[in-house]
Amino acid sequence: MTIVITRPDFFTAEAERITELLLSGQASLVHIRKPGSTASETEALIRALPASLYDRLTLHDHFHLAVRYGLHGIHLNRRNPQAPAGWPGAVSISCHSIAELERCRRLPYAYMSLSPIFDSISKKGYKAAFSAAELEEARLRGIIDQRVMALGGVTFDKINEVKRMGFGGAMILGDAWK
């Protein structure tokens, strides 16, 4: 699975680029991550997309919009650590250590991200947090598997590499918006 995360800012033709990523098959899902955005700004972006793609969108903020538009999922994070009561869709979560990932695996998340796997493209100075040996040990222990997505410095040309590392797929930010 390849998941693209939006840039934190809004930009001209963003809806068209999201549509292209989803329709071309470059992305299985798109996570709309706009920290600091208002609900109305996020809603305007959702409404600019074809309704046929709503089931391939996940929100990081303004979870009530996921309910309103019947989106695929919500992504828990430090800003929004809990799903709304009765949320029927997919729930995913960010993890930043092997220990945190191991704890999250016990819960029924659709998938979890682990980051940073490589040096970040979008966050300058954000370096890879894990050695190849640590990732291999986590894979052998069943902590990294098909439910875990590699995040941080992942580019489209590294998707096969992260799958060989045992990840179920990749989450891409910087490379998708160059």
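Since the structure is predicted, the reported quantities are computational estimates derived from the model, not experimental observations.
Using the six-membered ring where Trp is involved, His31 and Tyr111 have ring planes that are tilted, between 30° and 60° apart.
With hydrogens and angles ignored, the 3.5 Å screen pairs a side-chain donor or acceptor of Trp177 with a backbone N or O of Ile5. Checking side-chain atoms of Glu100 against main-chain N and O of His96 turns up a donor-acceptor pair under 3.5 Å. In terms of modelled atom types and a separation under 3.5 Å, the side chain of Asp119 and the main chain of Ala128 share a donor-acceptor contact. Between the Asn77 side chain and the His60 main chain, a donor and an acceptor come within less than 3.5 Å of each other. Within the 3.5 Å criterion, the main-chain N or O of Ser37 finds a donor-acceptor partner in the side chain of His62. Looking only at distances, a side-chain donor or acceptor of Tyr54 sits under 3.5 Å from a matching main-chain atom of Ile46. Between the side chain of Arg56 and the backbone N or O of Ser28 there is at least one donor-acceptor pair closer than 3.5 Å. Judged by distance alone, the side chain of Thr2 and the main-chain N or O of Ala170 form no donor-acceptor pair under 3.5 Å. Formation of a donor-acceptor pair under 3.5 Å by the Lys34 side chain with backbone atoms of Asp9 is found in this model.
Looking at every heavy atom in both residues, Gly169 comes nearest to Val162 through O-CG2, 3.9 Å. When all heavy atoms are compared, the tightest approach of His75 to Ser92 is ND1-OG, 2.6 Å. Closest approach of Ala66 to Leu59, counting heavy atoms only: N-CD1, 3.5 Å. The nearest pair of heavy atoms linking Thr19 to Pro50 is OG1-CD, 3.4 Å. When all heavy atoms of Cys95 and Met112 are compared, the closest pair comes out as SG-CB, 4.3 Å. When all heavy atoms of Leu151 and Ser113 are compared, the closest pair comes out as CD2-OG, 4.0 Å.
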Decide yes or no on side chain to side chain donor-acceptor pair (under 3.5 Å) for His72 and Thr58, but give the supporting numbers first.
CA-CA 6 Å; His72 170 79; Thr58 293; 4.6 Å; no
Would Leu22 and Leu49 satisfy side-chain contact (heavy atoms from CB on, under 4.5 Å), going step by step from the backbone distance to the final call?
CA-CA 11 Å; Leu22 290 169; Leu49 295 163; over 6 Å; no
The test is side-chain contact (heavy atoms from CB on, under 4.5 Å); show your working for Thr6 and Val30 and say whether it passes.
CA-CA 7 Å; Thr6 64; Val30 169; 4.0 Å; yes
Determine, step by step, whether Leu57 and Tyr69 satisfy the side-chain contact (heavy atoms from CB on, under 4.5 Å) criterion, reporting the C-alpha distance in whole Å, the side-chain angles of both residues, the deciding distance to 0.1 Å, and the verdict.
CA-CA 10 Å; Leu57 301 175; Tyr69 290 95; over 6 Å; no
For a side-chain contact (heavy atoms from CB on, under 4.5 Å) check, start with the C-alpha distance between Ile144 and Leu101, then their side-chain angles and the critical distance, and finish with the verdict.
CA-CA 8 Å; Ile144 292 175; Leu101 178 61; 4.1 Å; yes
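Counting heavy atoms from C-beta outward, Thr42 and Asp61 have side chains that stay 4.5 Å or more apart. Counting heavy atoms from C-beta outward, Leu53 and Ile18 have side chains that stay 4.5 Å or more apart. A heavy-atom distance below 4.5 Å is found between the side chains of Pro8 and Arg33. Using a 4.5 Å heavy-atom threshold, the side chains of Leu76 and Phe63 count as touching.
Interatomic distance, NZ of Lys178 versus CZ of Phe156, reported as 9.5 Å (0.5 Å rounding). The structure places OG of Ser97 at 6.0 Å from CZ of Arg103, a figure rounded to the nearest 0.5 Å. For the atom pair CE (Met1) and CZ (Arg147), the distance works out to 11.0 Å, reported to the nearest 0.5 Å. Here the straight-line distance linking atom CZ of Phe10 with atom CG of Leu45 works out to 6.0 Å at 0.5 Å rounding.
When Met149, Glu161, Met165, Met171 are each tested for a side-chain contact (heavy atoms from CB on, under 4.5 Å) with Ile117, only one passes: Met165. The only option from Leu114, Val148, Ile93 that meets the side-chain contact (heavy atoms from CB on, under 4.5 Å) definition with Cys104 turns out to be Ile93.
Contact check on Asp145 versus Arg105 returns a salt bridge, with a Lys/Arg side-chain nitrogen under 4.0 Å from an Asp/Glu carboxylate oxygen. Between Glu20 and Arg17 there is a salt bridge, with a side-chain nitrogen of the basic residue lying less than 4.0 Å from a carboxylate oxygen of the acidic one.
Hydrophobic clustering (ILVMFWY, side-chain heavy atoms < 4.5 Å, transitive): Leu135 and Leu140 are in distinct clusters.
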